[in-house]
Amino acid sequence: MAQHSHPAQSFEVNFDGLVGPTHNYAGLSYGNTASQGSAQASSNPKQAALQGLQKMKTLSDLGLPQGVLAPQKRPDVHTLRRLGFSGNDAQVLEKTYRTDPILLAAVCSASSMWTANAATVSPSADTQDKRVHITPANLNNKFHRAIEHEVTGRILSRVFNDDNYFCHHAALPSQDAFGDEGAANHTRLCIDYHEPGLELFVYGRSAFNAHLPAPQRYPARQTLEASRAVARLHGLREHNTLFIAQNPHVIDQGVFHNDVIAVGNQNVLFFHESAFLNTPTVLAEIRAKLPKVEFHFIAVTEAEVPLADAISSYLFNTQIVTLAAGNMAIIAPLECANTPSVKAYLDRLISLNTPIQAVHYIDVKQSMRNGGGPACLRLRVALNQAELAATNQACLLNDALFTRLNTWVERHYRDRLIVSDLRDPDLLRESRSALDELSQILDLGYVYEFQR
Ligand code: SUG
């Protein structure tokens with residue numbers, strides 16, 4: 001790979017989550033149909049991690065700066081002890097398995113790989129103090145994810161470790177009214193990354209306004225109150241924020257985050273016609289707030305791609321990346337190539353008069369089976385040159401790091417896991433020694449409790 005110089009003034013850096021050594025399928029996410037459908041299947045953590053690395057490499061080879069975020073320590077024995085399990089680590093795991101195998105699976109989930117849920121990030125061009133603001137998501141709708149934010153915050157503060165440029169907030173109060181799922185419900189539109197943009201916060205329900213619509217079947221994980229709080233913390237203003245109601249009916253079909261049905265990049269918003277509660281109003285408000293931008297609103301109709309196909313293929317959980325001014329590509333999961341309506345649509349899309357001119361299909365099947373597509377696996381961080389230089393350079397992918405991480409995965413990861421394996425004390429040992437080594441590779445210092 002060429003070592004790219006970046007003459008541009010600003011970049012969107014994708015920070016992908018490395019898949020952890022305990023990646024498994026436990027059906028933990030009610031409302032996420034892929035997770036529920038894969039419950040009890042055997043997983044392949046090694047393949048999952050290698051697929052994730054290959055995805056990062058594909059983007060890096062396209063000339064895009066690419067970051068890496070470390071996974072969480074799992075099994076999370078610390079949380080099991082807080083819940084009253086005692087003895088040595090092996091006894092804690094065994095007792096949990098016998099008492100409550102679902103709880104054991106929850107504290108073993110590798111769910112931090114989906115870094116779109118790690119945090120919400122506002123670039124410095126949008127914030128009042130001109131720093132990049134970062135709020136880890138409390139993820140309080142699912143227990144296995146609610147135990148992520150503390151370590152996530154610690155890792156992010158080691159990656160963006162300079163108060164002159166970065167401002168880190170604590171996660172919102174871990175209460176249902178402030179359910180926050182991070183960037184999975186947040187998109188930013190702009191002309192160029194370093195110019196002031198419009199941050200779109202999509203919510204599934206309101207905690208305090210009972211008259212606003214809400215889904216009936218599956219939970220709405222993101223509340224309006226949480227989105228507003230994050231915008232306040234980040235010092236955003238009325239003119240650069242828009243709060244948008246998600247269509248509750250699509251949540252009930254399995255669209256558990258807005259990034260399963262819409263994705264934006266610069267002047268492009270790509271979405272299914274059923275994504276929002278009131279699409280004409282949404283588009284008019286976007287135009288009113290960014291009057292100078294020539295938008296491409298690409299609405300996919302039900303006749304072109306039925307919602308069920310969009311959900312199973314993850315057509316909208318794609319990444320839209322800018323390769324050069326006005327030249328964008330879509331990074332899509334292989335499932336899109338294998339779903340006839342979606343493949344036909346994407347073939348047509350690149351011949352239309354929009355900035356999207358190519359589609360790259362990638363294999364992230366291990367993650368897809370838990371409801372995590374390309375867009376779930378990355379946290380977007382728009383940075384200017386000085387901010388990129390102030391970022392922990394050991395976390396930015398180059399050929400050497402790619403090779404080193406592949407070797408690291410090959411050495412430490414298993415190629416098969418089922419839920420009953422999670423109590424194996426050797427898995428805990430393997431996972432700790434893998435993460436201990438990784439925190440050195442990524443120059444993170446001591447971020448995990450077991451290292452203290
Ligand atoms: O939170 N799946 C994740 C998938 C997250 C996808 N992220 C975005 N769309 N941004 C979730 O539902 C499944 C784990 C299991 O069932 O074992 C899980 O947590």
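Atoms within a ligand are numbered from 1 in the order they appear, just like the ligands themselves. Reckoned from all heavy atoms, side chains included, excluding hydrogens, waters and symmetry mates.
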Before we go on, tell me: are the rings of [X] and [Y] under 6.0 Å apart, centre to centre?
X    : Y    : value
F271 : F276 : yes
H169 : H234 : yes
F85  : Y97  : no

At a 4.0 Å threshold, what atoms of ligand 1 neighbour a non-hydrogen atom of [X]?
X    : result
A116 : 10 (N)
G371 : 4 (C), 6 (C)
G27  : 15 (C), 16 (O), 17 (O)
S35  : 13 (C), 15 (C), 16 (O)
A184 : 10 (N)

For [atom], what's the nearest protein heavy-atom neighbour? Residue, atom name and distance, please.
atom                    : answer
atom 11 (C) of ligand 1 : S29 OG, 3.4 Å
atom 8 (C) of ligand 1  : C376 SG, 2.8 Å
atom 17 (O) of ligand 1 : A26 N, 3.1 Å
atom 14 (C) of ligand 1 : N370 OD1, 3.6 Å

NZ or CZ of K57 within 45° of F402 ring axis and under 6.0 Å: yes

Lys NZ or Arg CZ of R378 over F15 ring: under 6.0 Å, within 45°: no

Side chain T301, main chain E304, donor-acceptor under 3.5 Å: yes

Donor-acceptor contact below 3.5 Å, side chain R145 vs main chain S111: yes

Evaluation steps, side chain to side chain donor-acceptor pair (under 3.5 Å), between Y203 and E181: CA-CA 10 Å; Y203 59 91; E181 300 278 324; over 6 Å; no

Looking only at heavy atoms, is any part of [X] under 4.0 Å from ligand 1, and if so is it the side chain, the backbone, or both, or is it neither?
X    : answer
D259 : side chain
N32  : side chain
N117 : side chain
H144 : side chain

Whether N24 lies under 4.0 Å from ligand 1, heavy atom: yes

Contact with ligand 1 for R221, non-hydrogen, under 4.0 angstrom: yes

Y25 N/O to ligand 1 N/O under 3.5 Å: no

Ligand 1 N/O within reach of F256 N/O, cut-off under 3.5 Å: no

More than 12 heavy atoms from other groups under 6.0 Å of CZ on R348: yes

Aromatic plane relationship, H23 with Y25 - under 30° parallel, 30 to 60° tilted, over 60° perpendicular: perpendicular

F201 and H186 aromatic ring geometry - parallel, tilted or perpendicular at 30°/60° bounds: tilted

From the candidates Q36, R378, R145, M113, the one that places a heavy atom nearest atom 1 (O) of ligand 1: R145

